[in-house]
Amino acid sequence: MRLSRYFLPTLKENPSEAQIVSHRLMLRAGMIRQQAAGIYSWLPFGHRVLTNIARIVREEQDAAGCHEILMPTIQPAELWRESGRYDDYGREMLRITDRHERELLYGPTNEEMVTDIFRSHVRSYRDLPLNLYHIQWKFRDEVRPRFGVMRGREFLMKDAYSFDLDKPAAIAAYNRMFVAYLRTFARLGLKAIPMRADTGPIGGDHSHEFIILAETGESQVFVHADLVARDILAEGVDYAADLQPVVDSWTSLYAATDEKHDPVAFGALADGKRIEARGIEVGHIFYFGTKYSGPDAMNVTVQGADGKPLHPEMGSYGIGVSRLVGAIIEASHDEAGIIWPESVAPFRVGIINLKPGDAAADAMAGEIYDALRAAGTDVLYDDRDERAGVKFADMDLIGLPWQVIVGPRGAKEGRAEIKRRRGGERHELDKAAILERLLG
RNA sequence: CGGGGCGUAGCGCAGCCUGGUAGCGCGACUGGUUUGGGACCAGUAGGUCGUCGGUUCGAAUCCGGCCGCCCCGACCA
């Protein structure tokens with residue numbers, strides 16, 4: 001993409017409404033436009049990141065055996081009356097009346113609807129286990145939206161729902177999601193720590209929050225250092241195997257938010273193993289049994305092997321996709337701007353042509369641009385007629401992992417500079433060596 | 001929902017106290033000079049001062065209602 005033809009409205013100054021760093025940087029990098037409190041438009045640059053995060057979430061859900069569906073944002077009130085939550089949910093739920101005076105709502109979550117889909121199509125225990133998910137916009141009319149996309153009213157969420165024959169099978173499904181979440185956040189470049197959690201209005205008795213460590217996080221967390229050092233991606237995973245030992249090995253080490261913190265247990269950890277940090281919740285998983293499928297709620301049954309009806313055991317699993325955009329920035333930035341992990345970066349490489357119009361610089365920047373695109377790399381080519389300082393500042397602000405800086409002097413000698421955004425180390429190399437670094 | 005703050009040009013702000021022609025910086029546009037870390041000169045465009053009402057000869061400015069946004073707290077992916 002040539003920057004001269006792209007829509008990237010960067011800002012030099014901080015908008016006054018944005019107080020936290022991710023919100024400021026998202027506005028300054030031209031990623032979002034606020035439309036109302038907690039409601040945002042996503043501009044091209046931000047939309048690319050959102051799409052990249054959703055892609056990784058989707059890949060890991062699919063790998064764990066889930067099936068993607070897409071449920072509507074608008075739901076009929078009757079479903080929620082069946083589960084009893086229409087009145088329980090309170091004013092956070094946005095209620096709508098259509099032209100026929102029918103009561104609708106903008107979905108804050110989808111347990112009822114997915115349960116309705118399940119009960120109308122699944123009849124036999126042979127169809128279990130089943131896990132359905134979708135990535136869809138939710139609306140929760142928060143009293144006080146804040147922190148940009150970190151706590152919006154409208155937000156993009158991946159929510160998955162598992163159905164199983166009995167509790168052991170449901171726990172196995174829970175464990176698969178537990179591991180899938182660890183892998184997902186690791187691939188997003190984040191250190192996510194599972195912590196035992198309250199279940200809140202979703203209900204149930206088995207639940208973990210996934211919290212990433214970031215200096216600017218909203219809650220205080222206390223974790224065992226070995227959890228932070230551990231790399232789930234290096235371990236590999238077999239979803240057909242019993243994952244309980246994996247889950248146990250993660251949950252046996254100390255990790256708690258300040259609400260559930262036990263200073264005595266934490267203090268008993270070995271010196272050097274106690275980490276106090278700030279955290280941001282990015283995922284939450286629940287096992288809640290037959291809360292929605294049971295006879296007092298939506299009364300869902302499938303026929304068991306013995307011919308008798310049984311209520312499936314359920315769980316639900318959420319990842320805040322739009323929140324993750326902000327959370328990743330909170331966890332990965334410096335004074336100059338964003339530092340994207342490669343996996344979610346809107347473009348992998350940014351090329352700066354310091355002097356468009358200079359024959360040597362144009363040729364070299366153009367050749368590198370063409371070669372990278374031909375190799376399938378997303379690359380943003382700053383070919384604008386701007387001063388060098390403006391281009392450097394913008395490129396650092398938008399945080400692409402790699403920068404290639406082509407100036408007239410170096411280009412004449414056949415060399416350009418390659419700079420890693422994270423860390424800032426740079427090398428002056430010839431074209432072939434630059435391409436080798438980026439593509440090799 | 002309790003407490004606090006703020007709405008003046010695309011962004012950041014001054015002007016308001018003490019009523020009298022709406023300003024500054026950045027950004028945008030035009031021309032020129034510049035060119036390896038947010039240049040310089042000249043010119044241009046852009047604002048019913050959130051909104052409704054009141055006071056007044058006259059309101060961005062004083063008074064009141066409403067709307068919107070931000071921050072702290074309680075609650076949440």
Side-chain angles (χ1 to χ4, degrees), chain A residues 9-20 23-24 27-28 30 33-39 53 57 89-93 107-110 135-160 181 185 192 197-202 207-212 218-219 257 259 280-286 316-327 335-337 352-358 361 382 384-397 403 405-411 415-417 419 424 426 428:
Chain A
T10 57
L11 265 31
K12 193 166 157 183
E13 290 175 281
N14 284 320
S16 63
E17 81 260 21
Q19 296 300 317
I20 66 162
H23 193 193
R24 283 204 302 265
L27 290 167
R28 287 191 53 208
R33 157 90 186 157
Q34 180 167 359
Q35 306 291 170
I39 299 178
I53 293 172
V57 169
Y89 218 92
R91 283 194 292 278
E92 271 203 9
M93 184 154 74
T109 177
N110 286 65
I135 298 175
Q136 177 63 292
W137 293 92
K138 306 291 187 291
F139 194 91
R140 295 183 190 173
D141 199 0
E142 298 270 351
V143 193
R144 190 189 155 205
R146 60 187 129 168
F147 305 147
V149 300
M150 299 266 289
R151 177 151 322 157
R153 290 191 293 171
E154 187 184 52
F155 57 96
L156 189 62
M157 180 163 95
K158 186 286 301 180
D159 38 326
Y181 273 36
F185 297 125
D198 286 322
T199 53
I202 308 276
S207 175
H208 287 90
E209 289 176 349
F210 288 77
I211 294 184
I212 63 159
E218 345 172 28
S219 49
T257 60
E259 299 162 338
I280 302 167
E281 181 183 349
V282 289
H284 204 156
I285 61 178
F286 303 85
S316 71
Y317 316 88
I319 290 178
V321 176
S322 50
R323 165 180 283 191
L324 273 166
V325 180
E335 316 73 50
I352 296 177
N353 183 346
L354 286 173
K355 194 175 175 66
D358 178 271
D382 190 347
R384 295 175 302 171
D385 185 19
E386 290 284 353
R387 294 178 63 81
V390 173
K391 297 186 180 190
F392 286 131
D394 270 346
M395 195 58 82
D396 284 346
L397 170 66
Q403 300 176 6
I405 299 155
V406 181
R409 290 200 300 269
R415 285 198 307 277
E417 213 172 340
K419 173 182 159 187
R426 25 173 107 209
E428 194 172 346

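So that the names make sense, note that chain A is the first sequence line, chain B the second, and so on, each numbered from 1.
A search for side-chain contact (heavy atoms from CB on, under 4.5 Å) contacts involving A:Arg144 returns A:Arg146, not counting sequence neighbours. Taking A:Thr10 as the reference, A:Asp394 meet the side-chain hydrogen bond (donor to acceptor under 3.5 Å, both in side chains) condition, with sequence neighbours excluded. Under the side-chain hydrogen bond (donor to acceptor under 3.5 Å, both in side chains) criterion, A:Arg28 pairs with no residue at all, not counting sequence neighbours. The side-chain hydrogen bond (donor to acceptor under 3.5 Å, both in side chains) test applied to A:Asp358 returns no partner, not counting sequence neighbours. Annotation: side-chain contact (heavy atoms from CB on, under 4.5 Å) contacts of A:Gln35 (sequence neighbours excluded): A:Arg33, A:Ile39, A:Ser41.
Between A:Gly38 and A:Pro145, the shortest heavy-atom contact is CA-CB, 3.8 Å. Here the closest heavy-atom approach between residue A:Ser207 and residue A:Ile285 is recorded as OG-O, 3.0 Å.
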For residues 12-19 of chain A, please give each side-chain donor-acceptor pair under 3.5 Å, one per line with the distance, not counting sequence neighbours.
unit_1	atom_1	unit_2	atom_2	d
A:Gln19	NE2	A:Ser16	O	3.1

Indicate every side-chain donor-acceptor pair of residues 150-160 of chain A with a distance under 3.5 Å to a residue at least two apart or in another chain.
unit_1	atom_1	unit_2	atom_2	d
A:Arg151	NH2	A:Glu218	OE1	2.7
A:Arg151	NH2	A:Glu218	OE2	3.2
A:Arg153	NE	A:Ala37	O	2.8
A:Arg153	NH1	A:Asp141	OD1	3.0
A:Arg153	NH2	A:Ala37	O	3.1
A:Glu154	OE2	A:Tyr106	OH	3.4
A:Lys158	NZ	A:Gln61	OE1	3.1
A:Lys158	NZ	A:Tyr181	OH	2.6
A:Lys158	NZ	A:Tyr317	O	3.1
A:Asp159	OD1	A:His134	ND1	3.0
A:Asp159	OD1	A:Lys138	NZ	2.8
A:Asp159	OD2	A:Tyr161	OH	2.5

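Within the 4.0 angstrom heavy-atom criterion, no nucleotide atom of any strand lies near A:Gly318. Note on A:Val321: nothing from the nucleic acid sits closer than 4.0 angstrom, heavy atoms only.
Between A:Asp396 and A:Gly152, the residue anchored closer to the 5' end of RNA chain B is A:Asp396, taking for each the nucleotide with the nearest heavy atom. Between A:Ala388 and A:Val143, the residue whose closest nucleotide on RNA chain B is further toward the 5' end is A:Val143.
Salt-bridge annotation for A:Arg426 and A:Glu417: present, with a side-chain N of the basic residue lying under 4.0 Å from a carboxylate O of the acidic one.
Looking at A:Asn14, its side chain has no donor and acceptor atom pair within 3.5 Å of the base of B:G12. A donor-acceptor contact under 3.5 Å links the side chain of A:Arg151 to the base of B:C76.
Across all strands shown, B:G7 forms a Watson-Crick or G-U wobble pair with B:C67, both key distances being under 3.5 Å. B:A74 is unpaired under the Watson-Crick or G-U wobble criterion, no partner having all donor-acceptor distances under 3.5 Å. Base pairing of B:G20: its partner is B:C57, meeting the Watson-Crick or G-U wobble criterion (both donor-acceptor distances under 3.5 Å). Across all strands shown, B:A14 remains unpaired; no Watson-Crick or G-U wobble contact has both distances below 3.5 Å. Shown here, B:G46 forms no base pair; nothing in the strands shown gives a Watson-Crick or G-U wobble contact with both key distances under 3.5 Å. Across all strands shown, B:A39 forms a Watson-Crick or G-U wobble pair with B:U33, both key distances being under 3.5 Å. In this structure, B:G27 forms no base pair with any nucleotide, since neither Watson-Crick nor G-U wobble geometry is met with both distances under 3.5 Å.
Residue ring and nucleobase are stacked for A:Phe155 and B:A77, with a centre distance beneath 5.5 angstrom and an angle between planes beneath 30°.
The separation of B:G38 from B:A28, taken at their P atoms, amounts to 16 Å, rounded to a whole angstrom. Here, B:U21 and B:G25 have their C1' atoms 23 Å apart, quoted to the whole Å.
The CG-C1' distance, from A:Asp385 to B:U33, rounds to 13 Å in whole Å. In this structure, CD1 of A:Ile352 is placed 13 Å from P of B:G38, rounded to the nearest angstrom.
When each of B:A77, B:G38, B:G12 is scored by its nearest atom to the side-chain atoms of A:Arg28, the top-ranked nucleotide is B:G38. Taking only side-chain atoms of A:Ala393, from C-beta outward, the nucleotide of B:A77, B:G38, B:G12 with the closest atom is B:G38.
Not one side-chain nitrogen or oxygen of A:Arg387 sits closer than 4.0 Å to the OP1 or OP2 atom of B:U35.
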Between protein and nucleic acid, restricted to nucleotides 22-27 of chain B and to nitrogen or oxygen atoms under 3.5 Å apart, what atom pairs and distances do you find?
unit_1	atom_1	unit_2	atom_2	d
B:G25	N2	A:Glu13	OE1	2.9

- What one-letter contact string describes nucleotides 65-72 of chain B from 5' to 3', where B marks a base within less than 4.0 Å of any protein heavy atom, S marks contact via sugar-phosphate atoms alone, and - marks no contact? ----SSBB

